[in-house]
Amino acid sequence: MNSADPIFSHVGDVWRATAPLDSARYFVERSDLVPGDLDAFRPLALSVLGELDPALELPAGERWLAQIKRKTRRYGGRIRRSVATTLTVLASECGAAPLRDGLTIQTWTDQLVRELLEGWDDVPSRWASLHDVLTLLVEAAPGIVLDRIRRDLLGSRENLQSLSTPEQSPFNFGGSSHLTAILWSLQSLMWSPEHCERALDTARDLARGSDEGRNSPTAIGIFRDALLPAIPQCVLGTSGRVAVIERCVRDAPDVAERIIAKTITETHTFATIHQTHFRPWTEDKQRVTWADIFEVYTAMISGAITLADQYPDLWVTLVDAADNVGARGFDQIIAALAALPVGHAKGTPVWQAVQNQLRRHRKFRDADWALPDAYLERLEAAVEHLRPALAREREEWLFGDNRFDLGLASDDIRGEDSLLVRMQSSAVHEIHAEEGFEGLFELARAHPHGAWGIGAALARGDQVLDPAMIAELLKSEEPGFGNLARGYLVNSALEGKTDVLELAESSSDDPRVQARLLLTHPDPAQAWDCAERLGKPVAEAFWAEYGVFGHGADSPHAATAIRKLLDHGRVATALDAITLYREAIPADRRTAFILEGLLQLVRQPPSERAGLPSMHETREFIAIVRRDPSVDRAIVCQLEWAFFPLLEFDGNEPLAIEVAASTSAEDFVHLVNLAYRPKSVAKEDHVFDKEQADVAFRILHRMRYAPGLDGEAVDTAALATWIADVGSLATASDRFETAMHAVGAVLGRYRTGEGEPYPHPAIATALEESVGEEMLIGFSTSVFNGRGVTWRGHGGQQEYDLAEKYEAISRELRDVAPRTSETFGQLARGYRRDGAREDERERRIEDGVDPW
């Protein structure tokens, strides 16, 4: 204890063993650790670790409030981790040491952990209560924990589902579950030579029916990571991983299909190792060679081929992986593809996938990853017998998402564009010759986004869509049919083959078809004039679907279109048009349009404000209206109130609603009345509008202006009058203390200019003359919160610097403003305490008492 390197050290009131592993060996080897000590420790360990987490009594969505609701354990996290660490250290360092009656420390630890795990009636509560120490306990008694995981979770999907359910909180976007600690424990065991294979089998069996996951580990995720060809996250060598893959293909084909499909097509991957705490399992990572990597790929490809009849999509996956699995894997894939019978159910998709691969590799033939021509020729020949008989199936890629990958040089964009037009026209002609329009319609149904190209190709060729067929396509709910018709009409009208206006006027039976015809006219002004002539139903249908994109930044019709959109209730679309064509609209009309559009949105319920412009655009719109002096300030305040969540963190300039509240005591107290209940009304009896109260509260908490402080010259009298009026009005509404606290907070957020004293003398005077302590408390709280978010440095130096700053201010104000001086003195003393706490926290981290 008194040596240069003592057994124990302490920081504050926390004591710890200086070197836990060495200390354990020392006591055991010296026989100072006797069975009696373990007998005394046993009930303590069971009591500390066996306590049910009271937070589990709360609904899942409220468990993050456990501290506030006083649903906390009797023993804190540091004590629980210390007890679990003691068990782990004893077992990992001295497990073979004998005790009595044939017992060893490891068997004693196993007995204790077994009793601990059997100490609950409710299985999910057991695992949820142990989640904070489970990764330690699994190192203390790995076999016992693994047996219990398999018994509890593999035997009951209900238990697994209960532990897998994420617990949401405002600070946890993705949600975490209590299964996470169990999975981390399994990941630790995958590095244990003794327990690796059973841990892998357990993860595999847990993975059945589970999701891949993104924000937290999943069973299928850790199982797949353990088998990664290049960076395996388990202790098994190559032959062991191959055996696990083969066993998975045989016993859990659904899991095998998912991990193989993802692994063999992935060209870049990473894995985060879950390091063990004390067991040396993760110290020596296996080194893999290229031969090892491709042996694992070979096993995975063999598994994919075995499973492909059960999961036919694996045939396409194998094609996609052909350039990623080495020569042996490529040979396997080629042999399997060549053996597929003519007429195989996946024959056409496989042939199409091969064509995609060929085009991609030939386009980037100079890239390091591109397959040599000899390999491409073998791949092409392997599926030649699967070549589709129909042109529609052979050429549909020209109208799909990969239609621009034509195999030309990567920088020949213009060449690809012209080539695409020619190839699409040729394909449409061939499909029409084989299957007629029905084949083209089937293609449009399969590729709705590319259907415009089908229609455009028709318009460029000799095929003609008659008016009846066009009408049926435009009526259809199939998006591909409408796109085909529009592509045909636009291009046909541009080439003078079709008079859209005449066609619309002659189609008098369906206003919607007439409107959709007019929407394809190249001159929007002529189109909407015709829509108006054809009657109200046509005009309404026309403006309901009118699109604002593609008319050119200097469109001469932009203002008229926006006017029409607003008249027909397309408010969000009209605001989009204002953004797109702002340069083509006179400034005065632009402001009027924005104001009208925003006011229309305000009148709609929030749930009906579909297609609302982006936060940035809305803020810009409101800023334009705010800067226009001709707009009534009350209207600006109305807009800011309605859209306040989008404006809350815009600190570039004060909001009009802030200016109003900082110049009018009535407006300020109105916000207070909305945000807070009267002093004499009990919380459960207070009736209020939660949404309005929330907005009012947030406005009050960002205000930083007050009368007399918002100009170049300070007007102390104006400030005093405003505070007095606020106090009088707030007294009448039974909210005096709350209002004065809010006033103090506003004064605390005010920032003096360069060279001015802090706090401003006018503010110090107001604080000194205030009635009661509420203004001073609000001021102090606001100054404290004004520090904002900080990054931790070394110890508490940041806090000491602030303490010195506020001590200096306190000394300067001591004679002229003693109440304000004391407020800054309290802030300084608080920061000194915080600084000492941060110093101690850093010492605990350096000493290993706390993890961070």
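Small disclaimer: the values here were computed from a predicted structure and weren't measured. These numbers come from the heavy atoms of this one structure, side chains and all, not from hydrogens, waters or symmetry mates.
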Q: Do Glu545 and Arg516 pass the salt bridge (Lys or Arg N to Asp or Glu O under 4.0 Å) test, and can you show the C-alpha distance, the side-chain angles, and the key distance before you say yes or no?
A: CA-CA 8 Å; Glu545 297 187 18; Arg516 289 176 177 176; 3.0 Å; yes

Q: Show your reasoning for whether side chain to side chain contact (heavy atoms under 4.5 Å, CB included) applies to Val342 and Leu386.
A: CA-CA 6 Å; Val342 175; Leu386 302 176; 5.6 Å; no

Q: When you measure from the side chain of Glu434 to the backbone of Ala391, do you find a donor-acceptor pair of N or O atoms at a distance under 3.5 Å?
A: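 Yes; judged by distance alone, with no hydrogens or angles, the pair exists.
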
Q: May I ask you to establish whether Arg394 and Trp351 are in a cation-pi arrangement, using a distance under 6.0 Å from NZ or CZ to the six-membered ring centre and at most 45° from the ring axis?
A: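 No - Arg394 does not lie over the ring of Trp351 by the 6.0 Å and 45° rule.
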
Q: Please answer whether the main-chain N or O of Ser177 pairs with a side-chain N or O of Thr180 as donor and acceptor at a distance below 3.5 Å.
A: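 Yes: the side chain of Thr180 pairs with the backbone of Ser177.
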
Q: Please assess Val235 against Trp281 for the test side chain to side chain contact (heavy atoms under 4.5 Å, CB included), listing each intermediate value before the final yes or no.
A: CA-CA 8 Å; Val235 73; Trp281 297 332; over 6 Å; no

Q: Keeping Ser426 on the side-chain end and Arg422 on the backbone end, is there a donor-acceptor pair under 3.5 Å?
A: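 Looks like no, no N/O pair under 3.5 Å.
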
Q: Consider only side-chain N and O atoms of Arg486 and Thr520, and report whether a donor and an acceptor are under 3.5 Å apart.
A: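 Result is no, nothing qualifies.
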
Q: Say you draw a straight line from CG of Leu390 to CD of Glu395; how long is it, rounded to the nearest 0.5 Å?
A: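 The CG atom of Leu390 sits 11.5 Å away from the CD atom of Glu395.
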
Q: Within this structure, what is the OG1-CG distance for the pair Thr135 and Leu186, rounded to the nearest 0.5 Å?
A: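 If I round to the nearest 0.5 Å, the distance is 12.0 Å.
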
Q: With the side chain counted from C-beta on, respond yes when Leu440 and Gln463 share a heavy-atom pair under 4.5 Å apart, and no when they do not.
A: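 Of all side-chain heavy-atom pairs linking Gln463 with Leu440, none is under 4.5 Å.
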
Q: Might you work through the salt bridge (Lys or Arg N to Asp or Glu O under 4.0 Å) test for Asp201 and Arg247, ending with a clear yes or no?
A: CA-CA 9 Å; Asp201 288 347; Arg247 192 162 64 244; 3.2 Å; yes

Q: Counting heavy atoms not belonging to His429, are there more than 12 under 6.0 Å from its NE2?
A: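 No - once you tally the heavy atoms of other residues, nucleotides and ligands closer than 6.0 Å, there are 12 at most.
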
Q: May I ask you to decide whether Arg241 forms a salt bridge with Glu197, counting only side-chain N to carboxylate O separations under 4.0 Å?
A: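 Not counted as a salt bridge, because no side-chain N and carboxylate O are separated by less than 4.0 Å.
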
Q: Check Ile245 against Ala299 and note the closest heavy-atom contact, atom names and distance.
A: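 Where Ile245 meets Ala299 most closely, the heavy atoms are CG2-O, 4.1 Å.
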
Q: Answer whether the closest heavy-atom distance between the side chains of Leu153 and Leu179 falls below 4.5 Å.
A: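 Yes - at least one pair of side-chain heavy atoms lies under 4.5 Å apart.
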
Q: Does Glu438 pair with Arg392 as a salt bridge, N-O distance under 4.0 Å?
A: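 Answer for the salt bridge query: no.
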
Q: Tell me, do Leu489 and Leu503 make a side-chain contact under 4.5 Å, heavy atoms counted?
A: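 Yes, their side chains come closer than 4.5 Å.
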
Q: Between the main-chain N or O of Val500 and the side-chain N or O of Thr498, is there a donor-acceptor pair closer than 3.5 Å?
A: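 Not confirmed, Thr498 side chain does not pair with Val500 backbone.
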
Q: To the nearest 0.5 Å, what is the distance between CZ on Arg362 and CG on Asp373?
A: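 Reported value, rounded in 0.5 Å steps: 7.0 Å.
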
Q: Can you check whether Leu340's main-chain N or O pairs, donor with acceptor, with His385's side chain at less than 3.5 Å?
A: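 Such a contact is found between His385 side chain and Leu340 backbone.
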
Q: With sequence neighbours left out, write down each residue that passes salt bridge (Lys or Arg N to Asp or Glu O under 4.0 Å) with Arg582, or none if nothing qualifies.
A: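 Arg582 satisfies salt bridge (Lys or Arg N to Asp or Glu O under 4.0 Å) with no residue once adjacent residues are dropped.
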
Q: Examine the side chains of Gln233 and Gln187 and answer whether a donor and an acceptor come within less than 3.5 Å of each other.
A: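 The criterion, which ignores hydrogens and geometry beyond distance, is not satisfied for Gln187 and Gln233.
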
Q: Please give me the minimum heavy-atom distance between Ala459 and Ser492, naming the atom from each residue.
A: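 Heavy-atom minimum between the residues: CB-N, 3.7 Å.
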
Q: Measure the spacing between NE2 of His447 and CD of Glu396 and express it to the nearest 0.5 Å.
A: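 Separation between the atoms: 3.5 Å.
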
Q: Hey, could you give me the CE/CG distance between Met300 and Leu318, rounded to the nearest 0.5 Å?
A: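 Reported to 0.5 Å precision, the distance equals 12.5 Å.
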
Q: Tell me, do Asn324 and Ile264 make a side-chain contact under 4.5 Å, heavy atoms counted?
A: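 Answer no - side chains too far apart.
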
Q: Going by heavy atoms in the side chains, are Phe223 and Cys248 under 4.5 Å from each other?
A: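 Answer yes - side chains close enough.
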
Q: Going by heavy atoms in the side chains, are Phe330 and Asp323 under 4.5 Å from each other?
A: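 Phe330 vs Asp323: side chains apart.
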
Q: Before accepting this row, confirm whether a basic side-chain N of the pair Glu384/Arg378 lies closer than 4.0 Å to the acidic partner's carboxylate O.
A: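 Result for this pair is no, no salt bridge flagged.
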
Q: Could you go through Asp292 and Thr289, starting from their C-alpha distance and side-chain angles, then the distance that decides it, and tell me whether this counts as side-chain hydrogen bond (donor to acceptor under 3.5 Å, both in side chains)?
A: CA-CA 5 Å; Asp292 296 324; Thr289 64; 3.1 Å; yes

Q: Leu494 and Val490: side chain to side chain contact (heavy atoms under 4.5 Å, CB included), yes or no, with the steps?
A: CA-CA 6 Å; Leu494 288 173; Val490 167; 4.1 Å; yes

Q: Test salt bridge (Lys or Arg N to Asp or Glu O under 4.0 Å) on Glu266 and Arg224; report intermediate values, then the result.
A: CA-CA 12 Å; Glu266 195 168 58; Arg224 175 177 171 270; 2.2 Å; yes

Q: Distance check, rounded to the nearest 0.5 Å: Glu472 atom CD versus Leu465 atom CG?
A: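 Glu472 CD to Leu465 CG: 12.5 Å, rounded to 0.5 Å.
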
Q: Tell me the closest heavy-atom pair linking Gly303 and Val249, and the distance in Å.
A: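 Closest approach of Gly303 to Val249, heavy atoms only: CA-CG2, 3.8 Å.
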
Q: Give the minimum heavy-atom separation between Ile333 and Ala322, together with the two atoms involved.
A: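 It is CD1-CA, 3.8 Å.
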
Q: Look at the side chain of Ser192 and the backbone N and O of Ser188, then say whether any donor-acceptor pair between them is shorter than 3.5 Å.
A: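 No; zero donor-acceptor contacts below 3.5 Å.
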
Q: Under 30°, 30 to 60°, or over 60°: which ring-plane class applies to Tyr581 and His551, parallel, tilted or perpendicular?
A: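 Correct class here is tilted.
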
Q: Which atom pair, heavy atoms only, marks the closest approach of Val428 to Ala457?
A: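 Looks like CG2-CB, 3.6 Å.
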
Q: Please check if atom CG in Asp462 has more than 12 non-hydrogen atoms from other residues, nucleotides or ligands closer than 6.0 Å.
A: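 At most 12 heavy atoms, drawn from other residues, nucleotides or ligands, come within 6.0 Å of this atom.
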
Q: Using a cut-off of 6.0 Å, state whether more than 12 heavy atoms not belonging to Tyr311 lie near its atom OH.
A: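 It does: Tyr311 OH has more than 12 such atoms within range.
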
Q: Does Phe542 have any ring pair (Phe, Tyr, Trp, His ring centres under 6.0 Å) partners at least two apart in sequence or in another chain, and if so, which?
A: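 Scan of Phe542 (ring pair (Phe, Tyr, Trp, His ring centres under 6.0 Å), adjacent residues dropped) gives Tyr546.
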
Q: Under the 3.5 angstrom rule, does the side chain of Gln352 hit a backbone N or O of Glu393 as a donor-acceptor pair?
A: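 Yes; at least one donor-acceptor contact below 3.5 Å.
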
Q: At their closest point, which heavy atom of Ala558 faces which heavy atom of Ala584, and how far apart are they?
A: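 For Ala558 versus Ala584, the nearest heavy atoms are CB-CB, 4.5 Å.
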
Q: Taking the side chain as everything from C-beta on, heavy atoms only, tell me whether Ile259 gets closer than 4.5 Å to Ile220.
A: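 Yes, their side chains come closer than 4.5 Å.
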
Q: Hey, does Leu474 have a side-chain heavy atom less than 4.5 Å from the side chain of Phe481?
A: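 No, every pair of side-chain atoms sits at 4.5 Å or beyond.
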
Q: For the pair Glu295 (side chain) and Thr238 (backbone), establish whether a donor and an acceptor sit closer than 3.5 Å, ignoring hydrogens and angles.
A: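 No.
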
Q: So among Leu517, Leu484, Val513, which one has a side chain to side chain contact (heavy atoms under 4.5 Å, CB included) with Ile470?
A: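 For Ile470, the side chain to side chain contact (heavy atoms under 4.5 Å, CB included) check succeeds only for Leu517.
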
Q: Going by the angle between their ring planes, with limits at 30° and 60°, are Trp369 and His361 parallel, tilted or perpendicular?
A: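 The rings of Trp369 and His361 stand perpendicular, inter-plane angle above 60°.
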
Q: Take Phe441 and Leu473 through the test side chain to side chain contact (heavy atoms under 4.5 Å, CB included) and record every step on the way to the result.
A: CA-CA 9 Å; Phe441 297 158; Leu473 291 172; 3.8 Å; yes

